[in-house]
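Just below is one structure, and these are the notes that go with it.
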Amino acid sequence: MSVVLQGSVRQGRLILDIDVAVGDEIVAISGVNGIGKTTFLRVLAGLLPLDNGTLQVNGIVLDDVDKQIFAPAHLRNVGMVFQDNVLLPFLSALDNVAYPLMATGVGRQQAQQLAIDAMEQHGTGHLAQMKPTQLSGGQQQRVALVRALINRPQLVLLDEPLSALDVDARREVRSWLREQLMALPGTKFVVTHDLVDIAELCDREIAFRQSHLLSNETQTTIVR
């Protein structure tokens with residue numbers, strides 16, 4: 001299991017130069033706000049194409065600008081959790097978890113059974129019939145994470161998944177999340193500003209650094 005990404009992408013004032021090779025591990029992505037951490041995740045997820053360069057996941061080319069190859073997000077089998085969870089408020093926790101399965105063509109009944117099995121396995125089965133508004137922040141976070149992992153994705157992308165939690169909830173969910181990610185093969189990226197997350201959740205850190213300004217409007221960053 002591996003991710004090899006060499007290339008660059010421009011988003012407004014930001015030019016992000018990327019050169020990373022990561023294996024079967026949990027990697028923290030750190031850096032100041034606006035430096036390109038979420039942009040990096042969007043490139044991996046297939047939500048943003050590279051402007052030049054290549055991306056390979058497990059030996060398969062997903063993005064190659066010169067060869068005009070670009071695999072869209074729904075073909076990448078990526079599990080992603082955004083900063084605000086994005087649970088669908090009109091669905092129960094169970095249907096939120098089942099949704100990615102149904103989106104790939106699994107029938108509703110089978111998807112719900114697989115979803116409840118996953119929730120039970122991850123310790124959230126008791127939340128199945130509750131709506132997101134009935135859940136605490138920590139519970140919403142767990143449901144969002146179970147949803148992201150249910151298809152056993154080849155790549156997991158978590159954008160500050162614990163940032164909305166208080167200290168006690170963060171400690172509990174951090175321990176739980178570490179167990180879930182360790183049990184899943186493949187590369188896992190976690191964007192975080194929290195030094196405890198980096199130390200206790202992740203295997204290593206990649207820090208994004210500003211390299212230089214090309215003009216008053218363009219910021220260049222590099223991944224090392």
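Source: prediction; values computed, not measured.
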request  = Dump the intermediate steps for side chain to side chain contact (heavy atoms under 4.5 Å, CB included) on Glu160 and Leu162, then the final yes or no.
outcome  = CA-CA 6 Å; Glu160 299 194 49; Leu162 309 182; over 6 Å; no
query = Do Leu114 and Val143 belong to the same hydrophobic cluster, where Ile, Leu, Val, Met, Phe, Trp and Tyr are linked whenever their side-chain heavy atoms lie under 4.5 Å apart, directly or via other members?
reply = yes
query = Should Thr39 and Leu14 count as side-chain neighbours, where that means a heavy-atom distance under 4.5 Å?
reply = yes
remark   = Heavy-atom closest pair (Leu5 atom, Leu50 atom, distance to 0.1 Å) is CD1-CD1, 3.7 Å
inquiry  = So, taking the atom named CE in Met80 and the one named CG in Leu158, what distance separates them when rounded to the nearest 0.5 Å?
reply    = 8.5 Å
query = Does Phe189 belong to the same Ile/Leu/Val/Met/Phe/Trp/Tyr cluster as Val32, with side-chain heavy atoms less than 4.5 Å apart forming each link?
reply = yes
note = Separation between CD1 (Ile206) and CZ (Arg204), nearest 0.5 Å, reads 5.0 Å
request  = Give, for atom CD1 of Ile29 and atom CG of Leu41, the distance between the pair rounded to the nearest 0.5 Å.
outcome  = 7.0 Å
key: Pair Leu184-Val156, side chain to side chain contact (heavy atoms under 4.5 Å, CB included): steps then yes or no   = CA-CA 9 Å; Leu184 187 70; Val156 176; 3.6 Å; yes
inquiry  = In the structure I gave you, are the side-chain heavy atoms of Gln134 and Gln129 within less than 4.5 Å of one another anywhere?
reply    = no
ask   = Would Lys67 and Thr54 satisfy side chain to side chain contact (heavy atoms under 4.5 Å, CB included), going step by step from the backbone distance to the final call?
value = CA-CA 9 Å; Lys67 295 182 179 179; Thr54 61; over 6 Å; no
message = Let me check something: do Ile198 and Val173 share a hydrophobic cluster, defined by ILVMFWY side-chain heavy atoms less than 4.5 Å apart, either directly or through other members?
response = no
Flag for Ser30-Glu205: side-chain donor and acceptor within less than 3.5 Å = yes
query = What's the shortest heavy-atom distance between Arg76 and Ala45, and which atoms?
reply = CD-O, 3.7 Å
query = Any luck finding a side-chain donor-acceptor pair between Asn52 and Ser8 under 3.5 Å?
reply = yes
Euclidean distance, Phe70 CZ relative to Leu75 CG, rounded to 0.5 Å = 10.0 Å
key: Leu44 side chain reached by Leu55 side chain, heavy atoms, under 4.5 Å   = yes
request  = Could you please spell out the steps behind the salt bridge (Lys or Arg N to Asp or Glu O under 4.0 Å) verdict for Lys188 and Asp24?
outcome  = CA-CA 8 Å; Lys188 286 79 67 169; Asp24 186 353; 3.4 Å; yes
request  = Enter the distance from Thr187:OG1 to Glu25:CD here, rounded to the nearest 0.5 Å.
outcome  = 6.5 Å
inquiry  = Any heavy-atom pair between the side chains of Arg171 and Val196 that's under 4.5 Å?
reply    = no
query = In the single-linkage hydrophobic clustering (I, L, V, M, F, W, Y; side-chain heavy atoms under 4.5 Å), do Ile116 and Val146 co-cluster?
reply = yes
N-O pairing of Asp197 and Arg178 below 4.0 Å = no
message = With a 3.5 Å distance limit and no angle check, can you tell me whether Gln140 reaches the backbone of Gly137 through a side-chain donor-acceptor pair?
response = no
query = Val20 versus Gln6: any side-chain heavy-atom pair under 4.5 Å?
reply = no
Residue pair Ala115 / Val97: nearest heavy atoms and the distance that separates them = CB-CG1, 3.8 Å
ask   = Are side-chain N/O atoms of Thr38 and Asp159 paired as donor and acceptor at under 3.5 Å?
value = yes
task = Would you name the heavy atoms of Met102 and Ala111 that are closest together and state the gap between them?
result = CG-CB, 3.5 Å
query = If two hydrophobic side chains count as joined below 4.5 Å and joins carry through other members, does Val78 share a cluster with Phe82?
reply = yes
ask   = Atom CG in Asp117, atom CD in Gln121: separation rounded to 0.5 Å?
value = 8.5 Å
query = Hey, mind stepping through Phe208 and Leu16 against side chain to side chain contact (heavy atoms under 4.5 Å, CB included) and telling me if it holds?
reply = CA-CA 9 Å; Phe208 283 30; Leu16 182 63; 4.0 Å; yes
note = Smallest heavy-atom separation, Met130 atom then His126 atom, equals SD-O, 4.3 Å
Donor-acceptor contact below 3.5 Å, side chain Asp64 vs main chain Asp66 = yes
query = Is Asp95 paired with Arg108 through a side-chain N to carboxylate O contact shorter than 4.0 Å?
reply = yes
request  = Answer yes or no: is there a side-chain heavy-atom contact under 4.5 Å between Gln180 and Leu145?
outcome  = no
key: Side-chain donor/acceptor of Asn96 to backbone N/O of Leu87, under 3.5 Å   = no
Heavy-atom closest contact (Arg142 atom, Trp176 atom, distance) = NH1-CD1, 3.6 Å
task = With the side chain counted from C-beta on, respond yes when Gln154 and Val57 share a heavy-atom pair under 4.5 Å apart, and no when they do not.
result = yes
Salt bridge Arg170-Asp194, side-chain N to carboxylate O under 4.0 Å = yes
query = Going by heavy atoms in the side chains, are Ser2 and Val22 under 4.5 Å from each other?
reply = no
message = Treating Thr104 as the side-chain partner and Leu101 as the backbone partner, does any N or O pair qualify as donor plus acceptor under 3.5 Å?
response = yes
